[in-house]
Amino acid sequence: MRRKIVAGNWKMNGTRQIAKDLAVGVSAIVEGLDKSVEVLIAPPFILMADVVAQISSDVNLASQNVSGFDNGAFTGEVSADMLVGFGCSYSIVGHSERRALFGDTNEVVSAKVAKCIDKNIQPILCVGETLEERESGKIFEVVGSQLRAALKGLSQVQLGKVVIAYEPVWAIGTGKTATPEQAQEVHEFIRREIAVIDKAVSDVISIIYGGSVNAGNAKNLFAMADIDGGLIGGASLKLEEFEVICKAIG
Ligand code: PGA
């Protein structure tokens with residue numbers, strides 16, 4: 001069965017106190033939710049300890065990034081083992097902000113996916129096209145090549161650990177959401193691409209949508225056949241809004 005997932009990506013926001021307050025608030029939200037919904041929060045690395053001290057066991061901890069290396073002379077990086085030590089069970093990998101601003105190429109993303117799986121962290125693999133790519137008819141070419149590069153060489157069991165996030169770059173942080181139909185079209189394509197690799201996994205893999213999801217549009221997006229949840233940026237920092245979004249998937 002496909003899992004329903006709502007993940008809050010806090011990005012580089014918050015302070016220790018804000019993180020603690022949000023963690024307490026999200027725990028309370030999750031208490032009132034149907035247990036079939038998995039709620040994740042991805043705080044900045046340095047706020048993880050504060051978050052861990054506050055969250056209930058029903059809230060899943062995710063990281064916003066992870067190193068593709070084990071350990072050693074990699075100044076400023078954070079390893080999968082360090083994350084596991086905090087109880088982190090998911091990691092966002094290949095977010096478009098990392099691809100565009102921090103040199104996360106398809107090769108780097110592939111190494112990070114492999115490292116996560118090796119260390120028992122479920123990667124949330126982000127894929128998505130820019131506006132220019134969409135307008136020049138390259139959506140499927142771009143998303144397909146991001147997928148193939150990141151998933152290359154994974155076994156069926158390993159592939160089954162991956163969550164995919166479709167995040168059109170033009171919709172992230174812009175207030176411009178993809179319509180449910182636009183998102184569904186790409187989600188369906190992603191599921192078909194996964195089926196080419198492994199049909200059984202394509203039936204159960206969760207494919208979540210990200211890009212300006214808010215309290216007003218979540219329900220219609222989540223109602224689409226191949227949308228299994230959301231990766232929420234800005235709206236995950238506002239508890240009332242995040243609650244509405246979590247309930248929209250129930
Ligand atoms: P947004 O961000 O909801 O603020 O558009 C989504 C994301 O980047 O994960």
Side-chain angles (χ1 to χ4, degrees), residues 2-5 7 9 91-114 116-117 122-156 158-213 217-218 220-233 249:
R2 280 146 53 179
R3 285 170 300 149
K4 300 176 199 168
I5 298 171
N9 174 11
S91 180
I92 299 169
V93 174
H95 189 281
S96 66
E97 285 151 17
R98 300 235 35 109
R99 291 181 190 259
L101 304 172
F102 301 104
D104 281 14
T105 60
N106 276 340
E107 290 68 36
V108 169
V109 171
S110 162
K112 292 181 176 189
V113 167
C116 283
I117 289 170
Q122 296 182 63
I124 302 172
L125 169 66
C126 300
V127 296
E129 80 289 353
T130 62
L131 187 57
E132 200 188 343
E133 288 161 345
R134 172 167 282 262
E135 286 174 346
S136 55
K138 293 203 182 117
I139 307 172
F140 302 120
E141 185 184 325
V142 171
V143 171
S145 69
Q146 289 172 338
L147 276 177
R148 285 188 294 275
L151 304 175
K152 197 168 63 192
L154 297 187
S155 68
Q156 183 188 50
Q158 291 172 329
L159 188 61
K161 301 245 158 42
V162 179
V163 173
I164 311 280
Y166 169 57
E167 297 209 303
V169 178
W170 49 273
I172 296 176
T174 57
K176 239 177 145 183
T177 325
T179 63
E181 293 73 22
Q182 282 174 322
Q184 167 60 24
E185 184 186 24
V186 184
H187 280 238
E188 197 183 326
F189 164 77
I190 292 171
R191 205 173 296 286
R192 275 203 313 272
E193 285 289 300
I194 303 289
V196 172
I197 311 174
D198 192 295
K199 175 73 180 78
V201 173
S202 76
D203 290 336
V204 295
I205 196 166
S206 295
I207 306 174
I208 63 179
Y209 169 81
S212 298
V213 178
N217 60 28
N220 289 340
L221 285 161
F222 297 164
M224 302 311 282
D226 288 293
I227 301 184
D228 305 312
L231 181 51
I232 322 299
I249 196 154

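Values in this document were obtained by computation on a predicted structure and should not be read as measured data.
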With sequence neighbours left out, what residues match [X] under side-chain contact (heavy atoms from CB on, under 4.5 Å)?
X	answer
Arg148	Ser145, Glu193
Ala200	Gln156, Asp198
Gln158	Ile117, Leu154, Ser155
Ala150	Val109, Val113, Leu125

Item to check | Pairs touching residues 175-198 that satisfy ring pair (Phe, Tyr, Trp, His ring centres under 6.0 Å), sequence neighbours left out | outcome: Phe140-Phe189, Tyr166-His187
Next on the checklist: Suppose the criterion is salt bridge (Lys or Arg N to Asp or Glu O under 4.0 Å): which pairs have a residue in residues 123-132, not counting sequence neighbours?
Outcome noted: Glu129-Arg134
Next on the checklist: Does anything in residues 92-103 form a salt bridge (Lys or Arg N to Asp or Glu O under 4.0 Å)? List the pairs, not counting sequence neighbours.
Outcome noted: Lys11-Glu97, Arg98-Asp104
My understanding is that only residues two or more places apart in sequence, or in another chain, count here; which of them pass side-chain hydrogen bond (donor to acceptor under 3.5 Å, both in side chains) with [X]?
X	answer
Ser202	none
Asp226	Gln184, Arg191
Thr130	Glu133
Thr174	none

Checklist entry - Listed by chain and number, what are the salt bridge (charged side-chain N to carboxylate O under 4.0 Å, His left out) partners of Glu188, not counting sequence neighbours? => result Arg192
